[in-house]
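Take a look at the structure below.
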Amino acid sequence: MNMKGKIHLHQVTSESLRLGALLSLVGGFLDTYTFVGRDGVFANAQTGNIVLLAVKAIQGNWGQALAHIPPLIAFSLGVFIAEGIKRKSTHRLTPDWARAILLLEIFIFFIVGLIPQGVPNTVVTVIVSFVASVQMTSFRKLIDAPYTSTVSTGNLRSATEAVYIAITTKDTNAAIRAMRYGVILITFLVGAFLGGFLTLAIGDQAIWGAVVALIFSFILFTEKEHKWKMPLRH
């Protein structure tokens, strides 16, 4: 008897290099968008916010120092909520959950671009930091290795480590990992450049550039799932 079924290679979609590169581009974009256009506050790089908080406090600029606290809280809250939702699921990261995250980002960032000038910048940075932390928590693996789509420090360390292993042990897999991390680092830099350039050029609506990248991510995610559906015959 012939039976038909389907194999869904979920990990291929949520952990693919192309998707990771697009999300990394978004991560770099958001940081320069908020830093250049929203009072010098980082959306993703909370280390930078902590350092700037300390620097401004030492300088006696308490108003500027306090502006770095809400993004820290929003980022932490986003991680907390995302982890809670993931742990309630019986699957590690289902395509429906991952697609829902991308759609959430698209919707919220589109709305952010419509927020009028009179609204305090803190409101925008809190929203962006929250959503960025949800993305970071939801997409944490690049094929066979951990990575972060919203900051570069860990990725740079992992890339350098992989290069060292590849050179000293002639490990081909390590060389491949190094190249993958290199792609992620480059796309983050490109995203940071685009975010700063567009923010200076068109202002608050520049965040729609991140929306475009996320739409491509969603399309790629969906296309890859369909591509990897395979019929089974018994």
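Only a predicted model underlies this, so the values are computations on that prediction, with no experimental measurement involved.
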Which atom names give the shortest non-hydrogen contact between [X] and [Y], and what distance separates them?
X    : Y    : answer
A74  : V126 : CB-O, 3.4 Å
V79  : S133 : N-OG, 3.5 Å
A132 : L30  : CB-CD1, 4.3 Å
A192 : T32  : O-OG1, 2.8 Å
F29  : A206 : CZ-O, 2.9 Å
L53  : A65  : CD1-O, 2.9 Å

Open item on the list: Assess the residue pair T153 and T47 against the criterion (side chain to side chain contact (heavy atoms under 4.5 Å, CB included)); give the C-alpha distance rounded to whole Å, side-chain angles, the decisive distance to 0.1 Å, and a yes or no.
Closed with: CA-CA 10 Å; T153 304; T47 300; over 6 Å; no
Task: Name of the residue among T34, T122, V112 meeting side chain to side chain contact (heavy atoms under 4.5 Å, CB included) with I127 - done: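 Only one option passes, and that is V112.
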Indicate yes or no: at least one non-hydrogen side-chain atom of [X] is less than 4.5 angstrom from one of [Y].
X    : Y    : result
F188 : D31  : yes
F130 : F75  : no
Y164 : T160 : no
I143 : R180 : yes
F139 : I101 : yes
E161 : I165 : yes
Q46  : S129 : yes
Y181 : Y147 : yes

Joint hydrophobic cluster, [X] plus [Y], side-chain heavy atoms closer than 4.5 Å:
X    : Y    : answer
V36  : F193 : no
I115 : I202 : no
L194 : L189 : no
L17  : I176 : no
V212 : Y33  : yes

Task: Centroid-centroid distance, F109 to W208, less than 6.0 Å - done: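 No, the ring centres sit 6.0 Å or more apart.
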TODO: Identify whether the distance between the nearest side-chain nitrogen and carboxylate oxygen of R177 and D171 falls below 4.0 Å.
DONE: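 A salt bridge is absent here (no side-chain N lies under 4.0 Å from a carboxylate O).
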Could you measure the distance from the [atom1] atom of [X] to the [atom2] atom of [Y]? Nearest 0.5 Å is fine.
X    : Y    : atom1 : atom2 : answer
L104 : S138 : CG    : OG    : 9.0 Å
L142 : S24  : CG    : OG    : 9.5 Å
L23  : T150 : CG    : OG1   : 10.0 Å
I106 : I111 : CD1   : CD1   : 12.5 Å
L22  : T187 : CG    : OG1   : 8.0 Å
F110 : I215 : CZ    : CD1   : 9.0 Å

- [ ] Might you work through the side chain to side chain contact (heavy atoms under 4.5 Å, CB included) test for F35 and L52, ending with a clear yes or no?
- [x] CA-CA 12 Å; F35 189 84; L52 289 173; 4.2 Å; yes
- [ ] Determine, step by step, whether W62 and K56 satisfy the side chain to side chain contact (heavy atoms under 4.5 Å, CB included) criterion, reporting the C-alpha distance in whole Å, the side-chain angles of both residues, the deciding distance to 0.1 Å, and the verdict.
- [x] CA-CA 7 Å; W62 293 105; K56 297 302 180 181; over 6 Å; no
Task: Residue pair S149 / Q135, side-chain donor-acceptor N/O under 3.5 Å - done: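 Judged by distance alone, the side chains do pair up.
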Task: Expected output: side-chain N155 to main-chain V151 donor-acceptor under 3.5 Å - done: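 Side chain of N155 to backbone of V151: a pair is present.
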- [ ] Please confirm whether the backbone N or O of L19 pairs with a side-chain atom of S16, one donor and one acceptor, at under 3.5 Å?
- [x]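 Yes.
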Open item on the list: Within the supplied structure, the quantity of interest is the number of heavy atoms (other residues, nucleotides, ligands) at a distance under 6.0 Å from Q117 CD; does it exceed 12?
Closed with: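 Atom CD in Q117 is not packed in, count stays at 12 or less.
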- [ ] Check step by step if side chain to side chain contact (heavy atoms under 4.5 Å, CB included) holds for V134 and I81.
- [x] CA-CA 8 Å; V134 172; I81 292 176; 5.8 Å; no
